[in-house]
Each structure stands twice: as C-alpha cells, then as structure tokens.
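Notes to accompany the following structure.
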Amino acid sequence: MTPVLPAAAAILALAVAAPAPPSAPDGTAVSAPAAPSSTAASAAPRPAVVVPSGPLTVGQRVTVTLRGWPAGPVHLTVCGNEARRGALDCANEQGTTVQAPAGTTVAPIVLAAPPVACPCVLRAHALTGTARATAALPVRGVTAAPSPAPAATPRLHLDELRVAGRRPLREWFGLPETLTVRVALRNPGPADVVDPPFTLLFGRPGRAHTIVAPPPLGTIGAGQVRTYEIPVPVDVAVLGAHELHGRVDLPERPVAFVVETSRHPWGLLGAAVLVVAPVVLRPRPPRRRGRHRTGEGAG
C-alpha cells in the first residue's frame, strides 16, 4: 500500500464530525439557553445545596452536599445579608469551585467571613448555566457591619450576541485563530450596574471547562447599552463542534448565553487528495508476459 494512504485516512477521520446545528451564514450558531418546557421542568429535580447543622464558626472546614445539579463547575460562596444583593454580600475571593457530576456529590469548603453581617447563607451557582441554590448557614463569629438598605435589583438584557469575524482560510487548514464574539448588554433599570462578575468557559458540548479571560464589564449606566468584543483563542487541536458559555452573575437574574461553533479542516483533506490522487491514478506499465519455450526431443 502507498504510504500516503494511511495519512489521508487519518485526516479524513479528523475532518468528518457529527452534523453541526443550524448556524449563521458564517457557519457559527449563537444562542441564549432556551427555557425548559413546563413538563421537563417539573420532572427534573431542582438543584439544592445541603449544609451541616449548626452552630458553625468562621474558618471551620465542613462538607456540603449538592443534589440535583447538572454536570459542570459549581461555585460555592459564604454570604451575609441572606445574599439579597447577590455577589456584593458574598466572600467571593474565598469561594470554592467544584466539578460536580450530574446528580448528587459532596464538596469540602472552608467557611469564610462574609463582607456583611448575618443572617448568612451558602450560595451555589453553576458557572455554565443559570442553576443556583442557597441554604441557611448558622455561622457564629461574623463581625462585619450590617448591610446597607436594599437597593433596586440590578438587571441586564442581552441585546446582541454574534461572532464578529472569522478567517475561513485558517479554519479550513486547522490553523490557530482567534474568534471575536460580540456581546451587547443593556441596563433597563433605574440604577447603574457596576462591574458584575463575568465568567467564560470554552470546550466541547457538555465539556466546556477551559477558562477564557473575560473583559471587565465596568459600569453599565441606567438605560445604557455597552458592547464588548471578546477574543477567544482557538488552537490547532480544536476540531469539530465547540461551545463558548458566558454568564454575567446578577443577584436574581443572571444573564447566560452560549455560542456554538465548529471547525472542519476540509482544506487538509483536499490537500491530501491532491497528493494521493496522482499516486493512485498513475497508470502502471503493463506486465511483460514471460515466453515459455517448448523443447522438442529428438526422435
């Protein structure tokens, strides 16, 4: 067998992938997660977090239980003020992120002191979706000041989500590239939203675990729309379908989105065909038939 043929077969195996979902004209699909139907929502268990019975103290190491969570990373933080203001009431820098399987799992955490006084809760939220839960946390030893009077709940709307540009030539030959994802956020509320937590994860569908550095969102004024262009590096090993999961963590209405993309190096396959075809189709010289002489014995 010609030595080039195995290489062509390997490239074909890499290039052929499952059919991509419906996409935009540039081959990239962008979508915000659809809300589950009422039937599916009633059948699936709601995510919950279970904490040990108290009393507990700041700095204590405890084991908590996560029940009914989808598979993926879950962030756990200790919050005062019953987390009424979301991340503003939580010890975010001392939070714990665990990789939870689907269903039930346990996770050890250290109880950090929240920035505001109790009543305290343990706040859990998925980094790749909108699942979240809280549990009352009977913590003693919190000396933080009481929280200020509650303000209006901050809200953001996703006004635009698309891939701003791609380089087809680099995609066709499986070369490294940088996707630019454009996100526009609108603040419909009466108060400014100041630099809310923003997380980005990239990877294969259902396995988006690679952290992408998000841009700082800064201050989004009341009634203002701000547009961000997010560079997402894509290396040579990224083939087939991949997803970018984004989440802006607001107290009551987090904003989550998914950008679906795919890379198929058909150019490599074409190059392999151009190399292999002349070898396979080259005419072979006809075989020379040997002459057999029949000797006649003398009579």
Side-chain angles (χ1 to χ4, degrees), residues 32-142 147 150 153-155 196-199 201 205-209 245-258:
S37 64
S38 57
T39 304
S42 60
R46 295 187 62 181
V49 56
V50 181
V51 302
S53 57
L56 307 172
T57 58
V58 171
Q60 181 178 349
R61 186 180 181 88
V62 299
T63 299
V64 300
T65 303
L66 300 173
R67 294 177 179 169
W69 290 80
V74 179
H75 191 63
L76 303 166
T77 49
V78 178
C79 308
N81 190 35
E82 292 185 334
R84 293 187 181 96
R85 301 181 302 161
L88 294 177
D89 294 329
C90 303
N92 299 298
E93 295 184 357
Q94 290 79 38
T96 301
T97 300
V98 297
Q99 189 64 36
T104 301
T105 188
V106 296
I109 65 169
V110 176
L111 299 180
V116 294
C118 289
C120 294
V121 297
L122 182 66
R123 182 170 179 258
H125 69 268
L127 295 181
T128 57
T130 59
R132 58 182 180 150
T134 58
L137 200 59
V139 179
R140 297 185 303 182
V142 177
S147 61
T153 301
R155 292 182 300 162
F198 187 23
T199 55
L201 296 174
R207 293 180 291 167
H209 306 321
H245 290 252
R247 177 187 171 100
V248 182
D249 191 19
L250 296 176
E252 295 184 9
R253 295 185 180 181
V255 178
F257 61 85
V258 178

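A donor-acceptor pair under 3.5 Å is formed between the side chain of Asn92 and the backbone N or O of Ala87.
Every pair passing disulfide (SG to SG under 2.5 Å) that includes a residue from residues 48-88 is listed here, sequence neighbours excluded: Cys79-Cys90. For residues 102-120, no residue pair satisfies the salt bridge (charged side-chain N to carboxylate O under 4.0 Å, His left out) rule, not counting sequence neighbours. Screening residues 76-101 for ring-ring contact (aromatic ring centres under 6.0 Å, His included) gives no qualifying pairs among residues at least two apart or on separate chains. The salt bridge (charged side-chain N to carboxylate O under 4.0 Å, His left out) pairs that include a residue from residues 113-125 are Arg123-Asp249, where partners are two or more places apart or lie in different chains.
Between Pro114 and Asp89 the shortest heavy-atom distance is CB-O, 3.9 Å. Annotation for Trp69 and Ala131: closest pair CZ3-O, 3.6 Å, computed over non-hydrogen atoms. Closest approach of Leu201 and Pro73 over heavy atoms only: CD1-CG, 3.8 Å. Cys118 and Val142 get closest at one heavy-atom pair: SG-CG2, 3.8 Å. The two residues Val58 and Ala112 make their nearest non-hydrogen contact at CG1-C, 4.2 Å.
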Side chain to side chain contact (heavy atoms under 4.5 Å, CB included) between Thr57 and Leu111, worked out: CA-CA 7 Å; Thr57 58; Leu111 299 180; over 6 Å; no

Please determine whether side chain to side chain contact (heavy atoms under 4.5 Å, CB included) holds for the pair Thr105 and Val98, giving the CA-CA distance in whole Å, both sets of side-chain angles, and the decisive distance to 0.1 Å. CA-CA 10 Å; Thr105 188; Val98 297; 5.7 Å; no

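Considering CZ of Arg247 and CZ of Phe257, their distance stands at 12.0 Å, rounded to 0.5 Å. Here the straight-line distance linking atom CD of Gln94 with atom OG1 of Thr96 works out to 9.5 Å at 0.5 Å rounding.
For the pair Pro154/Pro196, no side-chain contact is recorded, criterion being any heavy-atom separation below 4.5 Å from C-beta on. Using a 4.5 Å cut-off on side-chain heavy atoms (C-beta onward), Val50 and Arg67 make contact.
Scored by the side chain to side chain donor-acceptor pair (under 3.5 Å) test, Thr97 finds His75 as partners (sequence neighbours excluded). For the side-chain contact (heavy atoms from CB on, under 4.5 Å) test, residues two or more places apart in sequence or in another chain that qualify with Ala135 are Val49, Val51.
For the side chain to side chain contact (heavy atoms under 4.5 Å, CB included) test with Leu66, the passing option among Val106, Thr104, Val74 is Val74; the others fail. Among Ile109, Leu56, Thr134, the one residue that satisfies the side chain to side chain contact (heavy atoms under 4.5 Å, CB included) test with Leu122 is Ile109.
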